[in-house]
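Reckoned from all heavy atoms, side chains included, excluding hydrogens, waters and symmetry mates.
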Amino acid sequence: MTTPPKILIIEDDPTMQRVLKDNFEFSGYEVRTASDGRSGVQAVFDFTPDLILLDIMLPAVNGFDACRRIRKEGLATPIIMLTAKSQESDIVLGLNLGAVS
């Protein structure tokens with residue numbers, strides 16, 4: 001029996017976090033969640049996910065800084081940033097920090 005792919009959701013909105021978690025679990029993924037950037041970065045190293053869904057607007061450590069810390073440790077895990085921000089500069093910053101397009 002193979003282990004399911006692991007997804008880490010770092011999202012501070014409880015409703016969004018629950019919807020994402022439920023949908024991914026229903027699809028067969030193993031899911032963990034974190035509600036702020038600091039605990040999210042720690043969860044990356046504790047859980048070793050195959051994919052990270054990362055909100056930008058987070059308490060404690062924002063998504064940009066969380067991404068920066070993850071990449072600084074040399075982890076190449078794909079990161080998809082979730083945000084309502086649509087400014088081109090925010091998109092470019094996320095991509096430059098190592099998020100996937």
Side-chain angles (χ1 to χ4, degrees):
M1 180 152 107
T2 62
T3 60
K6 300 188 297 184
I7 296 178
L8 174 62
I9 300 167
I10 308 172
E11 168 63 63
D12 64 328
D13 180 284
T15 302
M16 179 65 80
Q17 189 184 88
R18 172 55 61 192
V19 167
L20 290 167
K21 184 176 189 296
D22 288 349
N23 279 289
F24 281 112
E25 286 180 337
F26 181 78
S27 296
Y29 294 90
E30 181 181 348
V31 179
R32 296 247 177 106
T33 61
S35 298
D36 65 71
R38 184 173 293 120
S39 62
V41 169
Q42 185 60 47
V44 169
F45 301 106
D46 295 342
F47 182 54
T48 60
D50 299 300
L51 175 68
I52 301 165
L53 298 179
L54 177 61
D55 186 17
I56 291 177
M57 308 273 294
L58 292 168
V61 173
N62 70 43
F64 292 131
D65 289 337
C67 185
R68 190 176 286 113
R69 290 177 186 187
I70 293 164
R71 293 298 184 234
K72 183 179 178 185
E73 293 299 320
L75 295 176
T77 304
I79 298 173
I80 297 174
M81 290 191 164
L82 306 174
T83 185
K85 291 183 157 213
S86 60
Q87 296 256 341
E88 185 176 332
S89 60
D90 291 324
I91 295 167
V92 170
L93 177 57
L95 293 171
N96 286 338
L97 290 173
V100 296
S101 58

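The same ILVMFWY cluster, assembled from side-chain heavy atoms under 4.5 Å apart, contains both I80 and I7. Criterion: ILVMFWY side-chain heavy atoms under 4.5 Å apart, direct or through other members. Under it, L53 and M16 are part of a common hydrophobic cluster.
Contact annotation: the side chain of L75 approaches that of V44 to within less than 4.5 Å [non-hydrogen atoms, C-beta and beyond]. In this structure, the side chains of T77 and L8 stay at 4.5 Å or more apart for every pair of heavy atoms.
Shown are I56, L54, L20; of these, the side chain to side chain contact (heavy atoms under 4.5 Å, CB included) with L82 is made only by L20.
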Contacts under 3.5 angstrom, residues 25-34 side chains, donor-acceptor by atom type, not counting sequence neighbours:
{"from": "E25", "atom 1": "OE1", "to": "K21", "atom 2": "NZ", "distance (Å)": "3.3"}
{"from": "E25", "atom 1": "OE2", "to": "K21", "atom 2": "NZ", "distance (Å)": "2.7"}
{"from": "S27", "atom 1": "OG", "to": "N23", "atom 2": "O", "distance (Å)": "3.1"}

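P59 and D36 get closest at one heavy-atom pair: O-CB, 3.3 Å. Nearest approach of C67 to M81, heavy atoms of both residues: CB-CE, 3.6 Å.
Among residue pairs with one or both ends in residues 2-13, none qualify as salt bridge (charged side-chain N to carboxylate O under 4.0 Å, His left out); sequence neighbours excluded. Under the ring-ring contact (aromatic ring centres under 6.0 Å, His included) criterion, no residue pair touches residues 32-55, with sequence neighbours excluded. Sorted pairs that involve residues 38-54 and meet salt bridge (charged side-chain N to carboxylate O under 4.0 Å, His left out), not counting sequence neighbours, are lacking altogether.
One finds the CZ atom of R68 at 7.5 Å from the CG atom of N62 (value rounded to the nearest 0.5 Å).
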